[in-house]
Amino acid sequence: MNKNLHPETLCIQAGYQPKNGEPRQIPIIQSTTFRYESASEMAKLFDLESDGYFYSRLSNPTCDAVAAKIAALEGGTAAMLTGSGQAATFFAVFNIAGNGDHVVSSSAIYGGSYNLFAVTMKRMGVEFTFVDPDCSEEELNAAFRPNTKAVFGETIANPALTVLDIEKFANAAHAHGVPLIVDNTFATPVNCRPLEWGADIVTHSTTKYIDGHAAALGGCIVDGGKFDWAQYPDKFPGLCTPDDSYHGVVYVDRFGKEGAFITKATAQLMRDFGSVQSPQNAFLTNLGLESLPVRMRQHCQTAQKVAEYLQDHEKISWVSYCGLPGDKYYERAKKYMPNGSCGVISFGVKGGREAAARFMEHLQLAAIETHVADARTCCLHPAGTTHRQMNDQELAAAGVSPDLVRLSCGLENADDLIADIAQALEAV
Ligand SMILES: *Cc1c(COP(=O)(O)O)cnc(C)c1O
């Protein structure tokens, strides 16, 4: 498919082109397994010597079509779906960093990613150094060690809403011979394509805007196909030396830098951990993708209007939204996301923790939910929920203050949302 097509076109047409008489919509191949005429044909699949489907834990046509669409949107060379965003984050990092390795990560990341890195992966022997995403180049470079294998950050951090200086992080990563992995969940490929700014791997929680209807959990990993693993065989032995579990295949030799990362993640991690996305969920994710550009425009317009309203309100102490002139990230967002960022705003209600809770209880349209980035407006108090494991110091490093309310603007009418916020603020 033509690489110069716009996101609106790719969202509809990429990934699946039916032939004569085939279904127009991506079919849901709800089958665990696939039939073959001979054992030798199947053996070739097991040895990664030919393409084809044999078991849906490793690959499924519905999931592959949706992954191919997201790869096209991000401008990548290969992609895989996972059962959730968490699985995508874990696979993206664990595919190249194991016991004894080290990873540099922005400290402003999703609470679930922080927990995965700082607690669970630490237990697996992977050490993380968390850096302020706005730190100087010197501070960033100082975080690297000889055993560093990757750098991780979020385009727009959930819930801190910091905007990552992707070029700065990519330059530092590449100067140390490691790839930059960017979680692009909040911006979506409609508003930002991190691979074009130097990122090497992109991850998504498709559960958020890509699905967009709070219907299907899912994740995705996209490889930009540019990182030259073979240049650093000692750093990335998993990609550059024989895999005994596949008769000695060397991923970079067999699949090139365009395909090695995703093939290894599928062949080893999906095989062993099995965090697959169901074909049914992939189908729902694809319905979301079809309208993603239209929805993102609306989410951004509404968020802009709501942020401007909040900024002028006497009961609001601060508003963070990179679309507001004067916001700390306004200029950076204009560079990386000239057409808009996302529909999520954070702000502080005067009176702190208690006032924030009271305000939220009085909202009628915005529901209190552990979710963001879908058609229905919702709000959350991270310090009391998603980030409750963190102490005050860790909260501050993640950019979360105790009075922070995160509001995810849905697709309702913006004036109705503002009226709802106004009456809830009256009650504070
Ligand atoms: C929600 C989220 C995740 C985790 O995704 P799940 O689909 O809930 O597993 C990862 N990163 C970001 C930025 C998120 O918002």
Side-chain angles (χ1 to χ4, degrees), residues 63 66-67 70 74 80-94 105-121 128 130 133 152-164 166 181-192 194 199 201-222 269-270 273-278 281-282 284-285 288-289 292 296 299 303 322 337 341-346 369-374 376 378-380 382 385-387 389 398-400 404 406-410:
C63 295
V66 178
I70 299 173
E74 289 286 6
M80 68 193 284
L81 297 190
T82 55
S84 67
Q86 283 298 108
T89 307
F90 174 55
F91 282 12
V93 177
F94 196 64
S105 172
S106 161
S107 59
I109 53 173
Y110 175 63
S113 306
Y114 180 82
N115 211 60
L116 169 68
F117 294 166
V119 181
T120 302
M121 289 192 75
F128 286 78
F130 295 95
F152 185 91
E154 276 176 37
T155 314
I156 307 173
N158 175 12
L161 302 185
T162 53
V163 175
L164 190 72
I166 302 173
I181 303 170
V182 172
D183 179 337
N184 196 31
T185 297
F186 267 27
T188 83
V190 169
N191 283 339
C192 182
I201 310 285
V202 168
T203 61
H204 281 283
S205 166
T206 61
T207 316
K208 311 296 163 55
Y209 287 119
I210 287 183
D211 161 34
H213 299 80
L217 250 99
C220 184
I221 308 173
V222 181
L269 302 183
M270 199 57 99
F273 291 104
S275 319
V276 283
Q277 183 160 141
S278 74
N281 271 15
L284 291 169
T285 298
L289 277 165
L292 183 65
M296 286 312 288
H299 282 296
C322 61
M337 297 172 278
S341 55
C342 69
V344 184
I345 300 169
S346 61
E369 283 174 21
T370 310
H371 191 56
V372 279
D374 73 54
R376 276 157 290 269
C378 60
C379 63
L380 182 76
T385 53
T386 47
H387 286 57
Q389 289 84 1
V400 180
L404 185 151
R406 183 183 67 182
L407 180 76
S408 172
C409 298

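Counting convention: from 1, in listed order, for ligands and their atoms alike. What you see below is based on every heavy atom in this structure, not just the backbone, and it leaves out hydrogens, waters and symmetry mates.
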Mark up the atoms of ligand 1 that fall under 4.0 Å of a heavy atom belonging to [X], in ascending order.
X      : value
Thr207 : 6 (P), 7 (O)
Phe186 : 15 (O)
Gln86  : 4 (C), 5 (O), 6 (P), 9 (O)
Lys208 : 1 (C), 2 (C), 3 (C), 14 (C), 15 (O)
Gly218 : 7 (O)
Glu154 : 13 (C)

Original post:
So is there a nitrogen or oxygen of Asn158 less than 3.5 Å from a nitrogen or oxygen in ligand 1?
Top reply: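 Such a contact does occur with ligand 1.
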
Consider side-chain hydrogen bond (donor to acceptor under 3.5 Å, both in side chains). Of Asp183, Thr162, Asn184, which one does Thr155 pass it with?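 Per the side-chain hydrogen bond (donor to acceptor under 3.5 Å, both in side chains) rule, the option paired with Thr155 is Asn184, out of Asp183, Thr162, Asn184.
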
Could you tell me whether a side-chain N or O of [X] sits under 3.5 Å from a main-chain N or O of [Y], the two making a donor and an acceptor?
X      : Y      : value
Tyr209 : Gly343 : yes
His299 : Cys409 : yes
Thr203 : Ala88  : no

From [atom1] ([X]) to [atom2] ([Y]), nearest 0.5 Å:
X      : Y      : atom1 : atom2 : value
Thr285 : Leu217 : OG1   : CG    : 9.0 Å
Ile156 : Met337 : CD1   : CE    : 4.0 Å
Cys192 : Phe186 : SG    : CZ    : 14.0 Å

| task | Indicate, with yes or no, if the rings of Phe152 and Phe117 have centres closer together than 6.0 Å. | result |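 Close enough - the centres of the two rings lie under 6.0 Å apart.
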
For [atom], what's the nearest protein heavy-atom neighbour? Residue, atom name and distance, please.
atom                    : result
atom 4 (C) of ligand 1  : Tyr110 CE2, 3.3 Å
atom 11 (N) of ligand 1 : Asp183 OD2, 2.6 Å
atom 6 (P) of ligand 1  : Gly85 N, 3.3 Å
atom 5 (O) of ligand 1  : Ser205 OG, 3.0 Å

field: Ala373 heavy atom under 4.0 Å from ligand 1
entry: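 The answer is no, since Ala373 has no heavy atom less than 4.0 Å from ligand 1.
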
